[in-house]
Structures are given as C-alpha cells and as structure tokens.
Amino acid sequence: MTRKTVLITGTTAGIGAAAARRFARDEWNVIGTGRRTERLEGLAGEFGGRFHPLGLDMRDLPGLEAAVNGLPEAFRDIDLLINNAGLAPPLATVQDSDLEPSLQAIETNITGLVALTRKLLPGLIARRGAIINLSSVAATYPYRGGAVYGGTKAFVRQFSLDLRADLHGTGVRVTSIEPGMIETEFTLVRNGGDKAASDALYAGVNAMTAEDTADVLHWVATLPPHVNVNALELMPVNQSFAGFAVARDG
C-alpha cells in the first residue's frame, strides 16, 4: 500500500505536535511546519524518514511558496492538509489592545492559511485528498477580549464551508474542527509566558488534551472517502456556555 502524506502546520507544540505523532504512528509521511526549528528536528529524530521538517513562519508568504516548491520527491504528493498553525493576541479589548499582535494573528490564522491552501489545491484535487482546518468554539461563542481571535476563527469556519462548496464534484473533503478548552502551550503564549495565569485557567477543568484532538483529526482523515464531516465542535465535559453579560446603570 502506498504511504499517504500529510502536511501539518504548527507542529512544534500542542495539537500540531500530537497530530504529527498520531499520523506518523499510522505510517503516514508527515511534513511539519513551524518557527522553532529545533523542535521540528526533535520530531524528525523521533520518526526519521517519515517526518520532513519545514522551518517557516506562516506570515512569510514567499518563504511558504519556496518551502512547498522545494519539498523532496518523497513528500510532494500531499493527500491531506491540516491547517493547525495559529495564535491569539493577548486577552485585551479592542479599544485597549496594541494593533501589532492583532495583525500578527490575522496574518497567521487567515492569510497564511489561505495562501497555503491555495498553493496545495491543485495536488489535493488531483489526488482527491482532504483539508482539515482548525477553527475554535470562539468562532461561535463570543467572549470579552476575544474579538480578533474569534474573528479569525469565524473566518476559518466559513472559509472551510465555502471552500467545500468551491470543491464540489472534485472529491476533496473539507472539515472545520472547532475545539474548546485544550490544555497546551497556546494559553501560556497568549498570556506572555505567565504560567500562573495559564494554570489558573485550566485548574480543576479536566480540559481536553492535544492528543484527544489529534485522535479526532486522525478519525476524520481516515473516514471512507465518500464521507465528509463539514464541521465538528469539541468541548471538555466541564466546559459549557456562558450567560449574557448585563451592565446596569446606577
């Protein structure tokens, strides 16, 4: 059986690293991207010839183009794209926030995702492959301080649904995965390295793990080719929905 190939963005930590390990265990070739090249080399050390590291920043569109064009022969036929790379600006209201972190999130979560997807579409169409985009419950449920991050993830969700419409008849599957609380480095980075703040958020929650989500990604990817999961929302049992906020005068 021919070994399949998956390209996963943002594999240096969290969901991306867990997904790289999950697919590699199932004998897929894995292309992993990220900015922290030493972590990519660590994954390459784990899986040897089955893992190809691509050190790049999703905001560097010429670099992204060159990296894909330069893939070695054994990794060029990509069957699955997992758009996982993403980040969130600090938890600040729009009126109190700095612009640069917001633009960085938009360029990473939206612009880079669209550019990479567009680059790989001809091959994915030829191979009747699949695309899994990591959105978030923040795409659906608003919270104070989440305007930019939630806005980018709402884009990812809608882009996924409309891309599926664009690809109608090609056999390419497209899925939006929308997780809630997952305990990874994501929140630590969002809080500027404040471990106490990150730990406080997850204290007593029994949050989902990166491995939980990686198992879901693998399940979606290995469904029969005539089955498409359009969108899938995940939460830990201990996370639910907040009530409306009400401000009272006087």
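In this structure, Leu80 is a member of the same hydrophobic cluster as Ile177, with clusters built from ILVMFWY side-chain heavy atoms closer than 4.5 Å. Connection of Val30 to Phe75 is not established within any shared hydrophobic cluster, with ILVMFWY side chains joined at heavy-atom distances below 4.5 Å, either directly or through further cluster members. Met58 and Leu134 are assigned to two separate hydrophobic clusters, defined by single-linkage of ILVMFWY side chains at heavy-atom distances under 4.5 Å.
Going from atom CG of Leu40 over to atom OG1 of Thr33 covers 7.5 Å, rounded to the nearest 0.5 Å. Interatomic distance, CZ of Phe51 versus CG of Asn29, reported as 11.0 Å (0.5 Å rounding). Here Ile131 contributes atom CD1 and Leu120 contributes atom CG; the two are 8.0 Å apart, rounded to the nearest 0.5 Å. Note: Leu223 CG to His218 NE2 = 10.5 Å, rounded to the nearest 0.5 Å. Atom-to-atom distance recorded for Glu233:CD and Ser136:OG is 9.0 Å, nearest 0.5 angstrom. Between the CG atom in Leu64 and the CG atom in Leu54 there is a gap of 9.0 Å [rounded to 0.5 Å].
Shown here are the side-chain contact (heavy atoms from CB on, under 4.5 Å) partners of Ala17, two or more places apart in sequence or in another chain: Arg21. A search for side-chain contact (heavy atoms from CB on, under 4.5 Å) contacts involving Pro122 returns nothing, not counting sequence neighbours. In this view, Asp79 and Lys4, Thr5, Arg127 satisfy the side-chain contact (heavy atoms from CB on, under 4.5 Å) rule, not counting sequence neighbours. Listed by chain and number, the residues in a ring pair (Phe, Tyr, Trp, His ring centres under 6.0 Å) with Tyr202 amount to none (sequence neighbours excluded). For Phe47, there are no ring pair (Phe, Tyr, Trp, His ring centres under 6.0 Å) partners two or more places apart in sequence or in a different chain. Not counting sequence neighbours, the partners of Tyr149 by the ring pair (Phe, Tyr, Trp, His ring centres under 6.0 Å) test are Phe186. By the side-chain contact (heavy atoms from CB on, under 4.5 Å) test, Thr209 pairs with Glu211, Asp212, sequence neighbours left out. Checked against side chain to side chain donor-acceptor pair (under 3.5 Å), Glu41 has no partners two or more places apart in sequence or in another chain.
Of the possible donor and acceptor atoms, none in the side chain of Arg22 sits under 3.5 Å from a partner among the backbone N and O of Asp215. Side chain of Arg39 to backbone of Thr11: no donor-acceptor contact under 3.5 angstrom is found. A donor-acceptor pair under 3.5 Å links the side-chain atoms of Thr175 to the main chain of Val229, judged by distance alone.
Listed by first then second residue, pairs satisfying side chain to side chain donor-acceptor pair (under 3.5 Å) with a partner in residues 97-113 read Asn109-Thr152, not counting sequence neighbours. Residue pairs satisfying the salt bridge (charged side-chain N to carboxylate O under 4.0 Å, His left out) criterion with at least one member in residues 158-178, sequence neighbours excluded, are listed as follows: Arg157-Glu178. Applying the salt bridge (charged side-chain N to carboxylate O under 4.0 Å, His left out) test to residues at least two apart or on different chains, the pairs with a partner in residues 58-69 are Asp57-Arg59, Glu65-Lys119.
Between Thr213 and Thr184 there is no side-chain heavy-atom pair separated by less than 4.5 Å.
When all heavy atoms of Lys153 and Ser135 are compared, the pair lying nearest together is O-OG, 2.8 Å. Of all heavy-atom pairs spanning Ser160 and Val174, the tightest one is O-CG1, 3.4 Å.
A perpendicular orientation is assigned to the rings of Trp28 and Phe23, their planes being inclined by more than 60° (bins at 30° and 60°).
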Asn206 vs Val237, side chain to side chain contact (heavy atoms under 4.5 Å, CB included): CA-CA, chis, key distance, verdict: CA-CA 8 Å; Asn206 194 18; Val237 172; over 6 Å; no
Which donor-acceptor pairs under 3.5 Å do side chains of residues 82-95 form with protein atoms, sequence neighbours excluded?
| unit_1 | atom_1 | unit_2 | atom_2 | d |
| --- | --- | --- | --- | --- |
| Asn83 | ND2 | Thr117 | OG1 | 2.9 |
| Asn83 | ND2 | Asn133 | OD1 | 2.8 |
| Asn84 | ND2 | Thr9 | O | 3.0 |
| Asn84 | ND2 | Gly10 | O | 2.9 |
| Thr93 | OG1 | Gln95 | OE1 | 3.4 |
| Thr93 | OG1 | Asp96 | N | 3.4 |
| Thr93 | OG1 | Asp96 | OD2 | 3.0 |

